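Here's the structure we're looking at; comments come further down.
Naming: A, B, ... by sequence-line order, numbering from 1 per chain. Note that the structure is a prediction, hence the values are computed from the model and not measured.
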Amino acid sequence: MKLTRALEILPKSLWVFHCNSGSCNGCDIEIVATITPRYDIERFGMKLVGSPRHADVLLVTGPVTKYMTERLRRIYEQVPDPKVVIVVGNCGASGDVFYKSYSLDGPVDNIIPVDVYVHGCPPRPEAIIEGAAKAVLLLEKKREELLKAGASR
Amino acid sequence: MSAGSHKTYRIPIGPVHVGLKEPVTTWLDVDGERIVKATVRPGSIHRGIEWMARERNPIQVIYLAERICGICSFTHIVAFLRAVEDAAKIEVPIRAQYIRSLVLELERVHSHILWAGVACYTFGYDSAFNLGMLLREKVMDVLEALTGNRVNYGVGTVGGVRRDLTPRAAKAVREMIQFYRREFQTFLDVVTEDPIARARMRNVGVLSQEDAVKYCALGPTARGSGLRVDLRHSSPYEAYGDLGVTPLVPQDYTGEVFGDVYDRFFVRVMEVVQSLELLEKIVDGIPEGPIAWEPKLPKVLAALKAADGIGWGIIEGPRGDDTHVVKLTRGEENVTWWKVRAPTYANAVSWPLMFQNQEIADAPLIINSIDPCISCMERILVSDARAGRSEILTRANLVERCREKTRRLMGA
Ligand code: SF4
């Protein structure tokens, strides 16, 4: 992609809603580390918001326990279009160490469509930032598709 | 609502909410702004970890145990390993014991700073949160230098540890101690000296000393109520026997105990300072020697297959005592059964007590004040196959059971 194009898109700030669907916390603290001064993803205008209604991006950690399945689906539906789903951590992507458990419905892509996977158990904050960068581009693409389909701005 | 009608409303919070990164459902019955009653429903992220372990051998379970909780991951591994070593009668070399204590203390430092930061964030003191998190990156760097990972280090193994403390890593630890001695005081001052922070935490979520005993509070939650309980002091494990830990209680510093959020905050922050001392002692006193009972995994597995019996491991995690019990059966590779009792399990019982007559605005702070680790706790699903029923222990059951245990312990 051209640099000019990247510069055009990147200043669009992503607002992220974080849903923990049964993770071990490892990924969650790395997400917290990502928003704090060392990694400081807020300098790109990205931040965690308190309601899915305000979010562009749904960030999911954890292998999705049976109890959380319905909640996750509801949260996904509440995020307005265009939206991007990022899964952070191996256990959301594949089940990881929890793969044979009786109380899981996951991994996440069994329940909702996923756009970006960030691997690692837990991934480093740098990897999470990379995932966010991919999400920005995807979101822009989805927005353009929606516009083409006739959605109003 | 007309004045004086005293009708209570029920506010559901969760399971996914902003106050805490982990899902837990709480119902608060409120009269105006006052909380009359609180009901907590855990279990939303129950993953059946203990059950999964029955299809894995002890070495594989190490990595499962680590992922009970990503914050106190090493605590869980050490408790599990001690249980396995107890069952199989395996001796751990002294140097390995020192390295285990070293990582445990580093983990305590990172966990307590994280908690202190999040507590500040909860009542809206974002600068302190960011300052705390910035300071915390130092210990994360050291953990990475020592173990190769920031979270879930995977350095424990049956009979020892997998990574030695190299001179370079030791130097990094020393540097970190100096760094915190210089910088940590700032964080302490901006929070404990700040009148608003004090006002938000003083007399909020009080747990009296008596109730802390009655409801089996553990770790910093109990110490914040003035109880001198600390397993590193009362039943030392690994290298703690050589280090001489004394339980840290607020009355030794301020002269009185409130048992409120402020005291719990104070205890945790001062424990970071205490951990620095311990770390220094560990790095200075670590003896030379092997770091594992047997470095070859097939031999370890063979020894574990031949072992028979039940083993216990109880250690003081950042949040309180973490207990693991393991049964190994001769001739079987897998763990026969494994039971974990994480500290939040015990501490969450006192939540409803702390909530009583508080304002709703303080609810997230109170929830946070015991440093809950929901992912540790999610194992309360009890099924009774014979009776064909499955139930989730409610708070009332738990409290009753907890009291029963106290009565038993007191011999009444
Ligand atoms: S990917 Fe690993 S570190 Fe992240 S939540 Fe899952 S088990 Fe924990």
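Chain A is approached within less than 4.5 Å, heavy atom to heavy atom, by B:E144, B:R150, B:V151, B:N152 from residues 144-152 of chain B, ordered by number. The stretch residues 112-122 of chain A places A:C121, A:P122 near chain B, each with some heavy atom under 4.5 Å from a heavy atom of that chain.
At least one test fails for B:K138 against the ring of B:Y180: distance under 6.0 Å to the centre or angle within 45° of the axis.
With contacts defined as side-chain heavy-atom distances shorter than 4.5 Å, the pair B:I77/B:Y153 does not qualify. B:T221 has its side chain within reach of B:R268: a pair of non-hydrogen atoms, C-beta onward, lies under 4.5 Å apart.
In this structure, A:R143 pairs ionically with A:E140, as a charged nitrogen and a carboxylate oxygen lie closer than 4.0 Å. Under 4.0 Å is where a charged nitrogen must lie from a carboxylate oxygen, and between B:R108 and B:E105 at least one such pair does.
The backbone N or O of B:F74 lies less than 3.5 Å from a partner atom in the side chain of B:E107, making a donor-acceptor pair. B:N57 places a side-chain N or O within 3.5 Å of a backbone atom of B:Q60 that can act as its donor or acceptor partner.
Minimum interatomic distance between B:T336 and B:E332 (heavy atoms only, all atoms of both residues): OG1-OE1, 4.1 Å.
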Could you pull out all donor-acceptor pairs under 3.5 Å where a side-chain atom in residues 53-64 of chain A meets a protein atom, sequence neighbours excluded?
residue, atom, partner, partner atom, Å
A:D56, OD2, A:W15, N, 3.0
A:T61, OG1, A:H18, NE2, 3.3

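Between chain B and the residues A:G26, A:P37, A:S103, A:C27, the most heavy-atom pairs under 4.5 angstrom are made by A:P37.
Interface remark: A:D96 contributes side-chain atoms only to the contact with chain B (heavy atom separation under 4.5 Å).
In terms of the side chain to side chain contact (heavy atoms under 4.5 Å, CB included) criterion, residue partners of A:R38 (sequence neighbours excluded) are, by chain and number, B:E137, B:D141.
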